[in-house]
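Accompanying notes for the structure given below.
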2 protein chains.
Amino acid sequence: MNYSISEENYIKAIYHLQGESGTVTTNALAEKLSTKAASVTDMMKKLSAKKLLNYKPYYGFTLSTEGKKVALFIIRRHRLWEFFLSQKLGFDWEEVHQLAEELEHVSNKVLIDRLDEFLGFPPFDPHGDPIPDSKGRIASRNNLPLSLLPKNKPGIVCQVTNQSAEMLELLKHKSIGIGTKLEVRKHFPFDQSLELKIKKQIVTISEQLAKNIFVTYDENAN
Amino acid sequence: MNYSISEENYIKAIYHLQGESGTVTTNALAEKLSTKAASVTDMMKKLSAKKLLNYKPYYGFTLSTEGKKVALFIIRRHRLWEFFLSQKLGFDWEEVHQLAEELEHVSNKVLIDRLDEFLGFPPFDPHGDPIPDSKGRIASRNNLPLSLLPKNKPGIVCQVTNQSAEMLELLKHKSIGIGTKLEVRKHFPFDQSLELKIKKQIVTISEQLAKNIFVTYDENAN
DNA sequence: TTTAAAATTTAGACAAATCTAAAAAATGAC
DNA sequence: GTCATTTTTTAGATTTGTCTAAATTTTAAA
């Protein structure tokens, strides 16, 4: 039930690479972890022996059910620390990832659950990625680009796909961030620009921006 | 400037063992770290090569000036995390030490400085031990047992030497904790019991309890 | 002051995680 | 379908931190 930092980094990397059950290759994993293929093979044998992987030599690997569970808990820790660093210590979005890489390996379950509680059980990290709950479940969400949000339906910003400094500057200026509640009020077909209501303010944004902002939206609400 | 977890644990242990410049022996350190004397000798050679130690074979070792500096930063991280765990996440005094043992090795300086700020630059950890500041300085303090605090002089609880569950229960009941401001109002020679003023309340405590509570006190105040 | 006991260091081995170089297997171009 | 290329695995070495057992040094008792 306890894994080394190295093992955890491999598990997490496989999780991210395999996405929705695709198979991960040795070279892809080596690249992702900035290591060599031979090292990957060694570790795969080890994780395989621990039943965290489905591994067939020469044919890549996927996480076992248990492996996925472990990955979700590592990701939970990572994203909670990211939220903490951003929300409580005031770090910028770009800075939190690197710092959380270290903190995520502190794995005491009670500590993480208390941290979660302290932060108010946030469903998304500062990048808008969902945070698994204490049972490893990820909030299923109705996630769509702001450009497709129906008119006059409240949405909550949950993800921003482009994280360039320019984009962040613009978002800041418009008071849009993860968790911001908004509604589309008008849609101008001429340039696909949108008028939004954000906290009783009317704000205009371009199509380009709207495409990069994702919102959760409850079809039954309102 | 960056040390492994193992190196950090040795440095910290030496710091605690050497106290005010005493020399530390191989066996004492092995005992403290639950390891073997041979392992200690190996590590001492390594730390010595890195100029963190004054080491004369067969005659023990002390931290160099640089070594002490490193130790103080490790201790700073440990105690800040202890404070965080206790104050923000609601862990008990007895629990925080073990958890902080892991967190202390996350060593990004900016992270720790921001944590310090977030916590309000606490001068003492939940056990009452002083927290080195961002330059590695420890608050010099006028530290004495509550039983010796002059009458009507405000003191601040900074350390509790007995940490038994029974003692903690009693302290909780009397609303006494690290940081609590109090004054001695009466001293009864019959049983050496004390009457204190704590937040406008009058509280009675036994001699035994008073001897285990340490306070900082500013001779010039009031 | 000699010598037995205790403390410390050295020597050699091992596990984890990594690497390079070589061998083996799979792939795809013809 | 064969064969060169690419991918993956194996073999053997290295580093870090640890260990046991043996050798060395210090200490303290007679």
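Lettering of chains follows the sequences in order, A, B, ..., and the numbering in each one begins at 1. All of these numbers come straight from a predicted model, not from anything done at the bench.
Note on B:Y55: only backbone sugar-phosphate atoms sit closer than 4.0 angstrom, heavy atoms only; bases stay farther off. Residue contacts for B:T41: at a heavy-atom cut-off of 4.0 Å it reaches a base atom on one of the strands shown.
Atom-to-atom, CG of B:N2 to P of D:dT16 comes out at 14 Å; the value is rounded to the nearest Å. One can place NZ of A:K50 at 14 Å from P of C:dA15, the figure rounded to the nearest angstrom. Between B:E31 atom CD and C:dA6 atom P the separation is 16 Å, expressed in whole Å. When the P atom of C:dA7 is taken as reference, atom CZ of B:F61 falls 14 Å away, rounded to whole Å. Between the P atom of C:dT8 and the CE atom of B:M44 lies a distance of 12 Å, rounded to the nearest Å.
Residues satisfying the ring pair (Phe, Tyr, Trp, His ring centres under 6.0 Å) test with A:Y55, not counting sequence neighbours, are A:F61.
Ion pairing between B:R76 and B:D113 holds under the 4.0 Å rule for side-chain N and carboxylate O.
Taking the six-membered ring for Trp, B:F73 and B:Y3 have ring centres at least 6.0 Å apart.
Between A:K45 and D:dT10, a side-chain N or O to OP1/OP2 separation shorter than 4.0 Å is present. Contact check, B:T26 against C:dT9: a side-chain N or O comes under 4.0 Å of OP1 or OP2. For B:N27 and C:dA6, the shortest distance from a side-chain N or O to OP1 or OP2 is not below 4.0 Å.
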Completion exercise
Scoring nucleotides 18-27 of chain C by protein non-hydrogen atoms under 4.0 Å (B base, S sugar-phosphate only, - none) yields BBB---BSS-
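Checking side-chain atoms of B:R114 against main-chain N and O of A:L89 turns up a donor-acceptor pair under 3.5 Å. With hydrogens and angles ignored, the 3.5 Å screen pairs no side-chain donor or acceptor of A:S193 with any backbone N or O of A:S206.
Atoms NZ and CD, from B:K12 and B:E7 in turn, are 14.5 Å apart once rounded to the nearest 0.5 Å.
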